[in-house]
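For reference, the structure discussed in these notes is given below.
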Amino acid sequence: MIELTTEELKQRFSDNIFGRISETADELGLECYVVGGYVRDIFLQRPSKDIDVVVVGSGIAMAEALAKRLGRGAHLSVFKNFGTAQLKYHGTEVEFVGARKESYTHDSRKPQVEAGTLEDDQRRRDFTINAMAWSLGEEDFGRLVDPFDGMRDLHEGIIRTPCDPDVTFSDDPLRMMRAVRFASQLGFTIEGETFDAIRRNA
């Protein structure tokens, strides 16, 4: 775990692709944020190739506009059924998705999905350390959005769900295995209520 100033953090996101996303989002009037493992791994000094971008609006429209801006070197795959798009550009892969909220029935892992806010999208994620978002907006480029104290949990080495762990694990039971895997890989501790929920739901 490393401490980074805002300027140092901006340097970590100095890759050309982030600047192009920022410019495109500004032109479209959209908010875009890098989320999940890429943000987490910046602070853990771990290499990460998976760049996930949440768009408050249409992730597909954002990806299509970016591909047009980048030109012939960009390869775009659109998955309309899932509302996502993947863009490959000079060895970099970025997945775009519109911010959403999800609800599940008890007998299915397939969620009901509707458009949501950035915080709705962060709330549906598995753990607080994977729910941090980093703004790509031209006016606030580099702002960390962390409503569930993921940074504190990174500092303390804790695996914790962003909301009620029973709900998080009933939505997707595989998250219980992910909790154990992250704890093992990172040398973290599973927070008490989260661990108790794993035992109840296993």
Side-chain angles (χ1 to χ4, degrees), residues 1-4 31-56 59 79 81-84 86 93-135 143-202:
M1 177 71 192
I2 56 172
E3 298 284 351
L4 293 171
E31 295 177 37
C32 287
Y33 301 85
V34 182
V35 297
Y38 193 89
V39 178
R40 176 199 70 225
D41 287 341
I42 287 288
F43 293 99
L44 293 177
Q45 292 186 284
R46 299 173 79 222
S48 182
K49 294 182 179 179
D50 298 327
I51 302 173
D52 293 316
V53 174
V54 164
V55 182
V56 182
F79 309 98
N81 288 347
F82 299 98
T84 65
Q86 184 186 71
E93 292 185 16
V94 186
E95 183 161 320
F96 293 86
V97 64
R100 63 193 187 187
K101 50 185 173 182
E102 298 177 345
S103 57
Y104 292 77
T105 58
H106 72 280
D107 59 348
S108 174
R109 287 187 60 227
K110 186 176 181 180
Q112 300 293 317
V113 177
E114 58 183 296
T117 65
L118 173 65
E119 188 165 327
D120 288 331
D121 200 273
Q122 291 172 291
R123 183 179 289 109
R124 74 177 180 82
R125 294 181 178 272
D126 52 5
F127 307 112
T128 60
I129 61 172
N130 295 332
M132 296 183 290
W134 199 85
S135 175
R143 179 172 63 92
L144 185 68
V145 184
D146 183 21
F148 304 107
D149 293 322
M151 186 60 67
R152 182 192 66 189
D153 289 345
L154 267 187
H155 276 287
E156 296 181 2
I158 290 173
I159 303 296
R160 181 171 60 90
T161 58
C163 57
D164 183 335
D166 286 310
V167 174
T168 296
F169 295 141
S170 65
D171 286 349
D172 185 351
L174 287 177
R175 289 171 171 170
M176 292 184 281
M177 297 182 69
R178 283 171 60 83
V180 175
R181 177 167 65 85
F182 278 125
S184 299
Q185 285 180 336
L186 302 177
F188 281 22
T189 300
I190 301 174
E191 177 266 341
E193 288 186 17
T194 301
F195 186 75
D196 289 344
I198 292 173
R199 296 181 68 178
R200 281 195 299 274
N201 291 283

How many angstroms lie between [atom1] in [X] and [atom2] in [Y], if you round to the nearest 0.5 Å?
{"X": "Leu186", "Y": "Arg181", "atom1": "CG", "atom2": "CZ", "value": "9.0 Å"}
{"X": "Glu31", "Y": "Ser135", "atom1": "CD", "atom2": "OG", "value": "7.5 Å"}
{"X": "Asp149", "Y": "Leu154", "atom1": "CG", "atom2": "CG", "value": "11.5 Å"}
{"X": "Ile129", "Y": "Phe148", "atom1": "CD1", "atom2": "CZ", "value": "14.5 Å"}
{"X": "Glu93", "Y": "Asp50", "atom1": "CD", "atom2": "CG", "value": "7.5 Å"}
{"X": "Met177", "Y": "Arg175", "atom1": "CE", "atom2": "CZ", "value": "14.5 Å"}

So with a 6.0 Å cut-off around [atom1] of [X], is the heavy-atom count from everything else above 12?
{"X": "Glu193", "atom1": "CD", "result": "no"}
{"X": "Arg200", "atom1": "CZ", "result": "yes"}
{"X": "Phe79", "atom1": "CZ", "result": "yes"}

Within the structure provided, determine whether [X] and [Y] are in side-chain contact (heavy-atom separation under 4.5 Å).
{"X": "Ile158", "Y": "Phe188", "result": "no"}
{"X": "Met151", "Y": "Phe43", "result": "yes"}
{"X": "Met132", "Y": "Leu144", "result": "yes"}
{"X": "Arg143", "Y": "Val145", "result": "yes"}
{"X": "Ile159", "Y": "Asp153", "result": "no"}
{"X": "Asp121", "Y": "Tyr33", "result": "no"}
{"X": "Val35", "Y": "Trp134", "result": "no"}
{"X": "Val54", "Y": "Leu118", "result": "yes"}

What are the two closest non-hydrogen atoms of [X] and [Y], and how far apart are they?
{"X": "Val53", "Y": "Cys32", "answer": "CG1-CB, 4.1 Å"}
{"X": "Ala179", "Y": "Ile198", "answer": "CB-CD1, 3.8 Å"}
{"X": "Ser170", "Y": "Pro173", "answer": "O-CD, 4.1 Å"}
{"X": "Pro162", "Y": "Arg123", "answer": "CG-O, 3.6 Å"}

### Query
Without hydrogens or angle criteria, can the side chains of Thr117 and Asp120 be said to hold a donor-acceptor pair below 3.5 Å?
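Result is yes, a qualifying pair exists.
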
#### Entry: Side-chain H-bond candidate by donor/acceptor type, Arg125 with Asn130, under 3.5 Å
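No donor-acceptor contact under 3.5 Å links the two side chains.
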
### Message
For Ile190 and Phe182: C-alpha separation, side-chain torsions, deciding distance, then whether side-chain contact (heavy atoms from CB on, under 4.5 Å) applies.
### Response
CA-CA 9 Å; Ile190 301 174; Phe182 278 125; over 6 Å; no

### Query
Between Arg178 and Asp126, is a salt bridge (charged side-chain N to carboxylate O under 4.0 Å, His left out) present by the stated rule, with each step listed?
CA-CA 9 Å; Arg178 283 171 60 83; Asp126 52 5; 2.7 Å; yes

#### Entry: Candidate pair Leu44 and Asp41, rule side-chain contact (heavy atoms from CB on, under 4.5 Å), full reasoning
CA-CA 5 Å; Leu44 293 177; Asp41 287 341; 4.2 Å; yes

### Message
One pair to check against side-chain contact (heavy atoms from CB on, under 4.5 Å): Glu95 and Thr84. What are the steps and the verdict?
### Response
CA-CA 7 Å; Glu95 183 161 320; Thr84 65; 4.2 Å; yes

### Query
Stepwise, does the side-chain contact (heavy atoms from CB on, under 4.5 Å) test hold for Arg46 with Tyr38?
CA-CA 9 Å; Arg46 299 173 79 222; Tyr38 193 89; over 6 Å; no

